Amino acid sequence: MNKHITQTALLGTSKRMLDLDAFPASLAESIQMIQSKGGDPEDIFYRATALALTYERAGAETCYKIAERGIGTAGIESKPYPTPEVKALASSLIGAGRVFRLHVYRHLIEHGYILDPEQLAQLIDLDRDHYRANERLLLRHLGGERLQFILQTLAQEEEHKEPDQTLWETGTISERKEVLRSRRKTDPQGAREMLVACFKSNSAQHREDLLSCLEEGLSLEDEAFLSEVMNSDRGAGVRKKARELLLSLEDSTLIRRLGEILSEGLHYGAKVDNNSGFLGRIANKINNALKKTEDWTYTPIEYSDELKSLGFMPVSSVKGEDDNMYLLRQIAECMPLSWWSKLTGLNKAEAVNLLTTHAPFPIEYFNFESAVLNFKDSEWVKLLFKSSYKPKQIEAFIGLLSIAEREQIRIGITETYWAVPQEWFGEYYEPWGEHFSMEVIKTIINASHSYYSEAQWQELALVLHPSVCKYLEQYFGAQEANEGGVSYENQYLMELSRYISMIAEFDKALKAKQ
Amino acid sequence: MILALTEQQIDALAPDAASIKAGRGLATVTKWPLLGYSQEAIWGHCRGSGSSPYQTAIDLGAMASKCSCPSRKFPCKHALALMYIAVGQASAVSESEIPDWVATWLTKRQQNATKQQEKAERQEANKPVNTQAQAKRKEQRHQRVLEGIEDLQLWLKDIIRTGLMHIPQPFASVVAGMARRMIDAQASGLAGALYRIGAIDLSKENWERRLLEELSLLYLLSESYKHIESLDPIWQSEIRSLIGFTQSKEEVLNTGGILDDWQVLYTSTTEQDKLIRTTYWLMGYHTGRMATYSEFRPIHLRASSETALLGGATYSGTLHFYTSVLGHKALLGEVALKAPHSSPQGYRSISTAQQAYRSALAQQPFIHNYPVVLEEVYLARQGEVWGLADSTDTFQPIRYNEACIVTCLSLWGGSAMQVFVLATKDQWQICATWRENTYKSWDIVLDDE
């Protein structure tokens, strides 16, 4: 019947008549009635079609029996859901932005919770494109049996899995780096072996990129591989990367070797005068010129092929700097504090004091700070802060200190446009101590801070000690009393204070359950 | 329970996403040095940038709010925050005597409402009713509609005489032109039907079937109007409504209504011709009666709504029903938000539900969908096709989007659930689901409402 109606409709009633005999017997009476109205062919067509299609709609069974439902049910959860109070506070934080969302996820996981179905539905509802890999992994831990069930049912487990071997073999370079970094956190040796197995089959750029991942969990166990790469890889950039990594290993063979070379040219305490010979006369000349560094003496060293292969340059670009001194300085800027201590026979604190007050090279261009950062030497940083030395890279240095160590220092930054460096936060936003938090908040207030992004304020809220809220309240109160209101810039600080309160309440609610 | 809403329902009250975010951010008890509630209201003081806190109150009867903050948004972030606290941290809000500033506001609101009611009644009483002019206007409109129908039927017949293979192009524009003609003829219902026809995708499979169905039903409707006097009163009312005549609201409100606790099953908002149309599907908890209520407002008044019923909420009061074949179309009388009942009761058998749809279709062939509540049904899959299955493994394919599937799986974990669907000929459209205090709904594209 339908086919006939459709064909007639397509061709048109001027070309084809509707065959009313093709209609089911049960509609015969109604069809007769339509015909008896005596309408034109189009009128009959429409009436009959309306009748037929409605008849079909009203009679069609669209449901049917199935053998099985095709999906099961989620397993029983073994972990608890958050209390109503924790849930309400978590919802507020999750809604505030990604930074807080990660905080909530981590803390809920830490306290052994999983999301209840309503929260899970809400969070999965978010556009999956907004989720990054680390968020998806956290959500997987929070989703419990239910999320597992959903992912299996929708065949989307892959998105929430730890990066794995398949990705290592077939993924993009970014994905492979993520796999390697992730593996380095839990199994540095295994990760290195994974890299070694396929290292040579990568392009030079990829070799360099993958090698940089060894920075995570770098240790002397990586030395052999890195040395081989440094000595034999055909890519200059790859060799350079390997060298950089070896130079950041304090006890590596390379550092020891450089120490030996430097010891031949740089001396502390021993006077070298009346040197004879061409080089000896140069040494005397240098010593006389550097009257301020009288405790330091120098012997020229040869710019050997070895030094050349290690990337040291022979000629200084600094006006007035002797090339030999330049060579010595380059090597000196690679040396750890332990070497300086050994060279000078002083303890570490004294060695630091010496370097900052009577450096072997003019302090204007002697960059020993690069060694501090290279070796991530927090002890060196602590000692520097104890001295009267004002580090040029104070922000990076503070990033190397632990939370407890930061409580002993003063920040002393007075720049107008200054932002809290990302390295101060750490990967997991460990809360700062009271003293350091106050230092930071005062520094922020003195700087122009209205350009901070929402995410930056939220990051600060995660780490600042709650005691800053009271300080801020007093600050706002004073501003209101003096100026009749809180300034536009400080509206952001009020927002910060509010965020800190939210985090504190959430953390308190979590602990209350315990 | 202080406030009979869920967080999602509070989100729905907010004027924009920024207000939701700000409101949630303020929903920490430490920001509220004063919090209290009574039967009529919730109130609080919220610390702001100034020395004095903002005073915020919510009228629980009408879900209206007041705040001393300078925001022009309604409800403001403080009112939203107060609601979030009342729902999520109720223990922090204590029952106490209404403060003067709240009592004054509530009294003023009541007085204003009474004054407006009295004014409307006075205006109605004073309005002279010119019955002769009314009858004349009625007849004029009837004639205009008939003239419009003549043109429409001529056009419809031309199409089928020439054949669908030679449909005039671009079809949507041609149809829109005829729709405008129907608006001129004061037959907005016919115009609406034409817009639906114009929206049919002629490149999709089975477009001919879909187009034929719509064209033939449109023809039937127009023909029915031509012979309206021969129909029974209920069908007369139905056909007039479908054509675009509206029954007087006063007439409907003056009929005896049905008093019940009305659960809002679903709300849908669409825009067309500079109008926003919001349709609510409701079900009486005690009577099981289904109702639909629609309101229209101009696009420039997008943010305001006379009613703004919240999906998943329950309102106690009277609905007044229009005369219609299926008896769903209704007007709201006096209703007030109340604590929710358990989820609405529905069909446990898909076959029975489908039978109900088919019966409705047999009674009223012009419907495109039929509201159904199903309980104890399961999300199921046959190959790539998703559907609902009941305890007898009867399977009904559904129309869905991924968000709907994921949400149902999250809330229900694959176990039996309750859903509100709009039953159609082939696939049923899942619109909403309930689980304890959670109500979730999805934006869907309806063929027709």
Side-chain angles (χ1 to χ4, degrees), chain A residues 2 5-6 9-15 40-43 45-47 49-50 53-54 57-74 84-85 87-89 91-92 95-96 117-118 120-121 124-125 146 149-150 153-154 476 480 485-486 491 494 498-499 501-502 505, chain B residues 7 20-21 24-31 49-51 84 88-89 156-157 160-166 208-209 212-213 215-217 219-220 223 350-351 354 358 361-362 365 378-382 389 393-397 403 405-407 409-415 425-426 435 438 440:
Chain A
N2 281 351
I5 292 173
T6 308
L10 283 168
L11 291 169
T13 51
S14 60
K15 293 190 180 68
D40 53 36
E42 290 73 44
D43 175 75
F45 176 88
Y46 274 127
R47 286 170 185 263
T49 301
L53 296 182
T54 306
R57 271 200 301 155
E61 280 267 3
T62 56
C63 60
Y64 48 89
K65 289 280 191 202
I66 49 172
E68 57 167 89
R69 290 183 198 144
I71 68 172
T73 52
E85 198 188 352
K87 183 179 160 179
L89 291 165
S91 293
S92 296
E118 188 189 326
L120 186 62
I124 292 182
D125 223 8
R146 193 154 290 205
F149 164 71
I150 293 168
T153 303
L154 299 178
F476 299 141
E480 242 194 76
V486 175
Q491 297 289 335
M494 295 188 70
R498 189 171 64 79
Y499 283 151
S501 301
M502 279 168 71
E505 273 202 44
Chain B
E7 282 190 10
I20 295 174
K21 192 171 168 184
R24 284 183 181 271
L26 282 173
T28 50
V29 173
T30 49
K31 296 294 286 182
S49 55
S51 53
Y84 287 127
Q89 301 166 74
L156 286 169
K157 286 180 181 181
I160 213 63
R161 187 180 311 111
T162 327
L164 297 185
M165 278 170 61
H166 306 287
E208 313 92 336
R209 166 61 196 259
L212 267 179
E213 206 157 29
L215 290 174
S216 60
L217 282 175
Y219 185 87
L220 189 67
E223 193 64 16
I350 285 178
S351 298
Q354 207 195 44
R358 282 154 49 196
L361 196 58
Y378 303 81
L379 212 50
R381 190 164 59 181
Q382 281 286 282
D393 288 332
T394 304
F395 178 84
Q396 168 64 52
I405 298 294
V406 170
T407 302
L409 290 177
S410 301
L411 286 176
W412 298 96
S415 51
K425 177 178 160 287
D426 299 311
R435 184 184 183 280
T438 303
K440 290 290 287 185

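Below, read A as the first sequence line, B as the second, and so on, with proteins coming before strands; counting in each chain starts at 1. Heavy atoms only: backbone and side chains are in, while hydrogens, waters and symmetry mates are out. From a predicted model like this one, the values you see are computed outputs, not experimental measurements.
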Just so I understand: if I count every heavy-atom pair under 4.5 Å between each of [options] and chain A, which residue has the most?
options: B/Gly25, B/Ala380, B/Gly413; result: B/Gly413
options: B/Glu208, B/Arg209, B/Lys21; result: B/Arg209
options: B/Ser351, B/Pro397, B/Ala27; result: B/Pro397
options: B/His166, B/Glu7, B/Gln89, B/Lys157; result: B/Lys157
options: B/Ile20, B/Ile405, B/Thr162, B/Leu220; result: B/Thr162
options: B/Leu217, B/Leu212, B/Ile350; result: B/Leu212

Between B/Thr394 and A/Lys65, do the side chains contain a donor N or O and an acceptor N or O under 3.5 Å apart? yes
Please state whether the side chain, the backbone, both or neither of [X] comes within less than 4.5 Å of a heavy atom of chain A.
X: B/Lys31; answer: side chain
X: B/Phe395; answer: both
X: B/Glu213; answer: both

Sidechain-backbone polar pair: [X] side chain, [Y] backbone, donor-acceptor under 3.5 Å:
X: B/Thr28; Y: A/Met502; answer: no
X: B/Arg161; Y: A/Thr13; answer: no
X: A/Tyr64; Y: B/Gln396; answer: no
X: A/Arg146; Y: B/Leu409; answer: no
X: A/Ser92; Y: B/Arg24; answer: yes

For chain B, which of A/Ile5, A/Ile71, A/Asp43 has the most heavy-atom pairs under 4.5 Å? A/Asp43
Highest number of heavy-atom pairs under 4.5 Å with chain B: which of A/Thr49, A/Asp40, A/Leu10? A/Leu10
Where on A/Arg57 is there a heavy atom nearer than 4.5 Å to chain B: the side chain, the backbone, both, or neither? both
From B/Thr407 OG1 over to A/Leu120 CG, what is the distance, rounded to the nearest 0.5 angstrom? 9.5 Å
What distance separates B/Ser216 OG from A/Leu53 CG, expressed to the nearest 0.5 Å? 5.0 Å
Heavy atoms only: give me the nearest [X]-[Y] pair and the separation to one decimal.
X: B/Leu156; Y: A/Tyr46; value: O-OH, 2.7 Å
X: B/Gly414; Y: A/Thr73; value: O-CG2, 3.5 Å
X: B/Leu361; Y: A/Ala58; value: CD2-N, 3.5 Å
X: B/Ala389; Y: A/Ile66; value: CB-CD1, 4.2 Å

